[in-house]
Protein chains: 2
Amino acid sequence: MSIDISPTSARAAGRPREFDIDEALDKAITVFSEQGYHGTSISDLREAMGLTAGSLYKAFKDKHAIFLASFDRYKQVRNALLDEELAKATDGRDGVRRMLAFYAEGAHGDGGRRGCLAVGTAVELAIFDDEAARRVERSMDRFETTFEALIRRGQEDGTVNRSIEPNATARLLLSVVQGLRVLGKTSPSRAQTFSVVDVAMTLLD
Amino acid sequence: MSIDISPTSARAAGRPREFDIDEALDKAITVFSEQGYHGTSISDLREAMGLTAGSLYKAFKDKHAIFLASFDRYKQVRNALLDEELAKATDGRDGVRRMLAFYAEGAHGDGGRRGCLAVGTAVELAIFDDEAARRVERSMDRFETTFEALIRRGQEDGTVNRSIEPNATARLLLSVVQGLRVLGKTSPSRAQTFSVVDVAMTLLD
DNA sequence: CCTATTTGGAAACAATCATTTCCTAATTGG
DNA sequence: CCAATTAGGAAATGATTGTTTCCAAATAGG
């Protein structure tokens, strides 16, 4: 029995995995987003991920673990894209607009129909699944905090009205964004979706 | 073979049903709201509704029919309550406030955790279930139209700013309301929920 | 009172569910 | 090159799924 401090890059003993875990999770994200957790069977996942049950259960403990891993990857990818977008923001107001536009972009057309995995998880699993609920709450908190920070930044740089309440307004914008994801399920037009963004922006005047 | 134009009140031949359909559907609504369609088994429904499988399948064609009947009753009850609330409105602005408050009231605490059956249906079933999707769309349209009518009424009676665009603003309010239902799944406080309503109302100034 | 009709309810149904088992294949370390 | 370890994959697992069947009970109309 020896203490193992091997780097993660070192390949473990045994036959190497023949598929990329993240690529497989990306397929799982699509299925879970479209069909939900209970609506997705292991067969659905096998087919979408191109794996046999054996491989699935060697890579993940069970269906629930596949779901949580999919959720985590979904958030990681989406957050990275959002951060990239927010890095371009010239001021607080521009940041809010970019953030709203980022979600509006995902809430219409095919992506809107597919849905948001965080919203789906909140609606389907948050009551009885503590691990899922914790992840949803963390995700919502992050959005709210980011909105609030952008509003405060705008109030300092003069692009956002100083008399509005940052936290309450951030929470309203969070509601709008989650609501757009729900409405996106009935595939509204791009214009319809972005008109909501335009109205929301007037709150900063 | 004779043409039957008997009133619906006349009892048909055969053993009479021993349970009230609407009461049973109210139990089903709770289960479907909490667990979703795929997360709810016939056993769950039997237990909640206090019925045997035989009785269930004599009253309804199948699980899907139970769900649609539950959805229809949910909307009927909620719409009746909303109409009652809106009848008290003194002007357009007051109507918008009452409508927002009506949903905020249902979106926090235990009711918020339980969730909205329309939102759950939109998220879980709208893509692959046409009958469910049609019902969701009709429900959303009704909300949007009601909001828009209240805004126009407010613009006429002088309680709502005449320079705002009624349709776009109505759609934003619709988004807010749906978003509150999503956020309600992580059981926010009453104050947190209503602060969103207060901010939304400033759009009418 | 008899027939037709419908419900209540237990038991049975095939199908599908998530998961495991078992064997072979592929790799690492010694 | 051998032992240990892990992955791939087909087949089997028991449990649960939604639904049906069958029989007794309760009603209406004739």
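Chain naming here is simple, since letters A, B, ... match the order of the sequence lines and numbering starts at 1 in each.
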State whether the number of non-hydrogen atoms from other residues, nucleotides or ligands found under 6.0 Å of B:Asp205 atom CG is greater than 12. yes
Got a second to check how far B:Glu85's CD is from B:Leu82's CG, nearest 0.5 Å? 8.0 Å
Is the phosphate of C:dT7 approached by B:Ser55 (side-chain N or O, under 4.0 Å from OP1 or OP2)? no
With a 4.0 Å heavy-atom cut-off, tell me which residues in residues 17-26 of chain A come close to DNA chain D, sorted by residue number. A:Arg17, A:Glu18, A:Phe19
Using only heavy-atom distances, determine whether the side chains of A:Asp198 and A:Ser195 contain a donor-acceptor pair under 3.5 Å. no
Give the rounded distance in Å between these two atoms: OH of A:Tyr57 and P of D:dT13. 17 Å
Pi-cation contact, B:Tyr57 with B:Lys63 (under 6.0 Å, within 45°): no
Is any side-chain N or O of B:Arg15 under 3.5 Å from a base N or O of C:dT7, one able to act as donor and the other as acceptor? yes
CG of B:Leu51 versus C1' of D:dT19: gap in Å, rounded? 16 Å
Closest listed nucleotide, where the reference is the side chain of B:Pro16 and the choices are C:dT7, D:dA26, C:dA18: D:dA26
d(CG, A:Leu45; C1', D:dG9) in whole Å: 17 Å
Atom-to-atom span, NE2 of B:His38 to C1' of D:dG18 - whole angstrom: 13 Å
Hey, could you give me the NZ/CG distance between B:Lys185 and A:Leu125, rounded to the nearest 0.5 Å? 9.5 Å
Counting primed atoms, P, OP1 and OP2 as sugar-phosphate and everything else as base, the B/S/- map of nucleotides 10-17 of chain C against protein heavy atoms under 4.0 Å is -------S
What is the distance, rounded to the nearest whole Å, between atom NZ of B:Lys58 and atom C1' of C:dT7? 6 Å
Exactly one of B:Arg135, B:Arg134, B:Arg138, B:Arg78 should register a salt bridge (Lys or Arg N to Asp or Glu O under 4.0 Å) with B:Asp72. Which one does? B:Arg135
Less than 6.0 angstrom from the centroid, inside 45 degrees of the normal: does A:Arg190 satisfy that with respect to the ring of A:Phe194? yes
Which of these passes ring pair (Phe, Tyr, Trp, His ring centres under 6.0 Å) with A:Phe67: A:Phe32, A:Tyr74, A:Phe60? A:Phe32
Check ion pair A:Asp91-A:Arg153 (N to O, under 4.0 angstrom): no
Can you tell me the distance, in whole Å, between the CG atom of B:Leu56 and the C1' atom of D:dT19? 11 Å
To the nearest angstrom, how far is A:Phe67 atom CZ from C:dA18 atom P? 14 Å
